[in-house]
**Student:** 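The structure is given below, and queries will be raised subsequently.
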Amino acid sequence: MGYDEAILKLGDFGRYQKIIYILICLTSIPVAFHKLAGVFLLAKPEFRCLLPFEEQNATYELSPNLWNLSYPQGEVCEYYDVGYTQEYLTGSIPRSSNQTTGCSRYVYDQSKYLNSAVTEWNLVCGRGFLAAFSDSLFMLGVLLGSIVFGQLSDKYGRKPILFASLVIQVLFGVLAGVAPEYFTYTTARVMVGATTSGVFLVAYVIAMEMVGPAKRLYAGIFVMMFFSVGFMLTAAFAYFVHDWRWLQIALTLPGLLFMCYYWIIPESARWLLSKGRKDCAIANMQKAARFNKVEISNEELGALLDEGETEEDKARQKLEDQERNDGPPPSVWDLFCYPNLRRKTLLIFLDWLVCSGVYYGLSWNTNNLGGNVLLNFVISGAVEIPAYIFLLLTLNRWGRRSIQCGSLSLAGLSLLATVVVPENMHTLVVCFAMLGKLAITASYGTVYIFSAEQFPTVVRNVALGAASMVARISSMLAPFLNYLATIWTPLPLLICGSLSLAAGLLSLLLPETHNKPMLETIADGERFGKKTKGEVYLESGQELKTTPETQPLNGPNENGTKANGQKF
C-alpha cells in the first residue's frame with residue numbers, strides 16, 4: 001500500500017511517531033482504572049447484623065461466646081430473635097427460642113476497607129446481587145460503547161471521537177463519585193464503561209494505523225502493556241485513598257491531563273485518505289517529516305499515496321465485480337452455512353467467550369484469594385507483562401494454535417489446582433491463580449490474531465465484531481461468577497479452570513494459520529483446514545474441489561490462474 005511506503009520515507013518509526021505513539025498508549029492507563037475500579041468501589045468486607053443491644057458505632061469484633069449466643073452457625077444475615085438481657089448475654093439463662101430475624105442494620109469490618117458502595121448502601125445479604133449487577137451493567141456499557149464509538153470514529157474521525165470519549169468519561173466518572181444512591185451510581189458507571197471503549201479502541205486503532213505492517217504486532221502488544229500498567233496503578237490509588245467516593249474521583253481526574261492532546265495528536269492519515277482528504281493527510285505527514293528531519297516534497301508524498309490508492313481501487317473494484325457476479329455480498333451468517341466454517345467459527349467464539357470471562361473473572365476475584373488483597377491485585381496486573389513479552393517472542397515462531405491451546409490448557413490446570421490446595425496455604429493458592437492469569441492473558445492476546453487469520457477477508461471485520469460481542473457477554477456474566485464465591489470460595493476458580501481447559505483442548509481442532517496465505521473468500525474459508533476429500537457445494541451452485549495438503553490455499557486453480565495474490 002502507498003501509505004506504508006510513505007511511512008518508510010518519513011523515517012519509519014521515527015521520533016515523531018514514537019512520541020505520538022507513547023502519548024496514545026498513555027490513554028490506556030485510565031481505561032484500566034475504570035475497568036478494574038469495581039474491585040475496590042464495590043468491595044464487600046466481612047459483616048454481620050447490628051444486634052439490638054449494640055450502638056450504631058459498634059465494632060465488627062465479637063467474642064466467640066457472644067457470637068454463638070447471637071448468630072446461628074455460619075449465618076451473618078440473621079440473628080436469634082430473643083431478648084438480649086444481661087442475664088442472657090452472661091449465660092445465666094438459656095436461649096428460649098431458635099427463631100431468627102433478618103438484619104435491619106449492619107456492622108462492617110473496617111480493617112481492610114474504610115468503606116465502599118457496598119457498605120454505604122448495604123449491598124449484602126438479600127441485596128448482595130446488586131453489586132454484581134452493577135459491574136455487569138458496566139460491561140454492558142463497554143459492549144455498547146464498542147459499537148457506537150467504533151462507528152462514530154469511522155464516520156467522523158479518530159481524533160474527535162477520542163476526545164469526546166475522554167470528556168464524557170471525566171464527567172460521568174465524577175458523577176459516579178458523588179452519586180447519592182445506587183441507581184445514579186450504576187447509570188454513571190454504564191456511561192463510563194461505554195467511554196472506555198471509545199478511548200481504548202480508538203487509541204488502539206490510531207496506534208495501529210500510524211505504523212507499518214512490520215511493527216503492527218509490537219504496536220498492538222505495547223498498547224495492552226500500558227493497560228496492564230494502569231491495572232497495577234489502580235492498587236496504588238486504593239492504597240492511599242480509602243474512601244470509595246474519593247477513590248472514584250481520584251481515578252477519574254487523570255483523564256483531564258489528556259485534554260491537552262487535542263493540540264498534539266494528529267488525525268489518522270489513513271482515515272483522512274479513506275475519506276478522500278489527501279491534502280490534510282499530506283499536511284500531517286509533512287509535520288512528521290519535519291520533526292524527524294526528513295525532507296520530502298508534497299509531490300513525492302502524493303505520488304506514493306496515489307500509487308497505493310490505485311492498487312486499492314483495483315482491489316475494491318475486483319471485489320465489487322465478484323459480488324455482482326456471485327449474488328448478494330457475504331455476511332457473518334455465511335460462516336454458519338457450511339460445515340467446516342461453522343465448526344471453526346463456533347470454536348473461535350468459544351475461545352473468545354472463555355478468554356474474556358476468565359480474564360475478568362480472575363481480575364475481579366482477587367478479594368477471594370485470601371491474604372493481602374492489594375498485593376494480590378498488583379501481582380494480577382504484573383503477570384500480564386511477561387505474558388505479552390512471551391507473545392512477542394513466540395507468536396511468530398511457535399504458531400498461533402500451539403500458543404492458544406497451550407495457554408488455555410495451562411490456565412485451566414493452574415486454576416483447577418487452586419481447588420485442591422488447602423485454604424490456609426494462601427501463597428500457593430495465589431501462585432496458581434496468578435499463573436492462570438498469566439496464561440489467560442497470553443491466550444487473550446493470541447485470540448485476536450488467530451481469529452483474524454481464520455476468517456475470510458470478505459467477512460473478517462464483521463466476524464471479529466461478532467466474536468467481540470460474544471466476549472462481552474461472558475464479561476457481563478463474570479461478576480455473577482465471582483458472586484458464587486459466597487456459596488463456596490473456590491467455585492469461581494473451579495468453573496474458570498474447567499472452561500479454560502476444555503477450550504484449550506478444543507482449540508486443537510482449529511487449523512494452524514501461521515505462515516499461511518490470508519483467506520479471501522467464503523470458499524477459501526470452507527476449504528481451509530478441511531480434512532476430508534471430496535467436493536464441497538455452495539448454495540449458489542459453485543463447486544469447490546479440496547486441494548491436497550501440500551498445495552497452497554490460494555494456489556493455481558484449474559485455469560492456471562491464482563485466485564488471489566495476497567500473502568500474509
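Computed from a predicted model, the values in this text were never measured in an experiment.
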**Student:** My understanding is that only residues two or more places apart in sequence, or in another chain, count here; which of them pass side chain to side chain donor-acceptor pair (under 3.5 Å) with Tyr21?
**Tutor:**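 For Tyr21, no residue satisfies side chain to side chain donor-acceptor pair (under 3.5 Å) once neighbours in sequence are set aside.
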**Student:** Can you tell me which residue pairs pass the salt bridge (Lys or Arg N to Asp or Glu O under 4.0 Å) test with a partner in residues 374-390, sequence neighbours excluded?
**Tutor:**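 Salt bridge (Lys or Arg N to Asp or Glu O under 4.0 Å) check on residues 374-390 returns Glu384-Lys437.
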**Student:** Report the residues that fulfil side chain to side chain donor-acceptor pair (under 3.5 Å) with Thr252, sequence neighbours left out, ordered by chain and then residue number.
**Tutor:**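 By the side chain to side chain donor-acceptor pair (under 3.5 Å) rule, Thr252 matches Gln248.
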**Student:** Scan residues 140-179 for pairs that pass disulfide bond (SG atoms under 2.5 Å apart), counting only residues two or more places apart or in two chains.
**Tutor:**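 Listed once each, the pairs would be none.
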**Student:** Using the test disulfide (SG to SG under 2.5 Å), find all partners of Cys103 that sit at least two apart in sequence or belong to another chain.
**Tutor:**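 Here the qualifying residues are Cys49.
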**Student:** Mind jotting down which residue pairs meet the salt bridge (Lys or Arg N to Asp or Glu O under 4.0 Å) criterion with at least one end in residues 412-421? Sequence neighbours excluded, please.
**Tutor:**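 Non-adjacent pairs meeting salt bridge (Lys or Arg N to Asp or Glu O under 4.0 Å): zero.
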**Student:** Under the side chain to side chain donor-acceptor pair (under 3.5 Å) rule, collect the residues that match up with Thr394, sequence neighbours excluded.
**Tutor:**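 Partners of Thr394 by the side chain to side chain donor-acceptor pair (under 3.5 Å) criterion come out as none, since no residue qualifies.
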**Student:** Which pairs, with at least one residue in residues 110-139 and sequence neighbours excluded, count as a disulfide bond (SG atoms under 2.5 Å apart)?
**Tutor:**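 For residues 110-139: Cys77-Cys125.
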**Student:** Taking the six-membered ring for Trp, are Phe40 and Phe377 closer than 6.0 Å centroid to centroid?
**Tutor:**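 Distance test on ring centres: under 6.0 Å, yes.
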**Student:** For a quick test of your reading: what N or O donor-acceptor pairs under 3.5 Å do the side chains of residues 167-181 make, sequence neighbours left out?
**Tutor:**
from, atom 1, to, atom 2, distance (Å)
Gln169, NE2, Thr195, OG1, 3.3
Glu181, OE1, Phe183, N, 2.8
Glu181, OE1, Thr184, N, 3.2
Glu181, OE2, Thr184, N, 3.4
Glu181, OE2, Thr184, OG1, 2.2

**Student:** Among residues at least two apart in sequence or on other chains, which ones pass side-chain contact (heavy atoms from CB on, under 4.5 Å) with Thr90?
**Tutor:**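 Thr90: side-chain contact (heavy atoms from CB on, under 4.5 Å) contacts with Gln86, Ser92.
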**Student:** Taking only residues at least two apart or on different chains, which pairs with a member in residues 119-131 satisfy side-chain hydrogen bond (donor to acceptor under 3.5 Å, both in side chains)?
**Tutor:**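 Applying side-chain hydrogen bond (donor to acceptor under 3.5 Å, both in side chains) to every pair that reaches into residues 119-131, excluding sequence neighbours, yields Tyr108-Asn122, Glu120-Trp244, Glu120-Arg245.
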**Student:** Under 3.5 Å, side-chain donor or acceptor atoms of residues 463-473 against the rest of the protein: list the pairs with distances, not counting sequence neighbours.
**Tutor:**
none

**Student:** Between Phe163 and Phe258, does the ring centroid distance fall short of 6.0 Å?
**Tutor:**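 Centroid distance Phe163-Phe258: not below 6.0 Å, so no.
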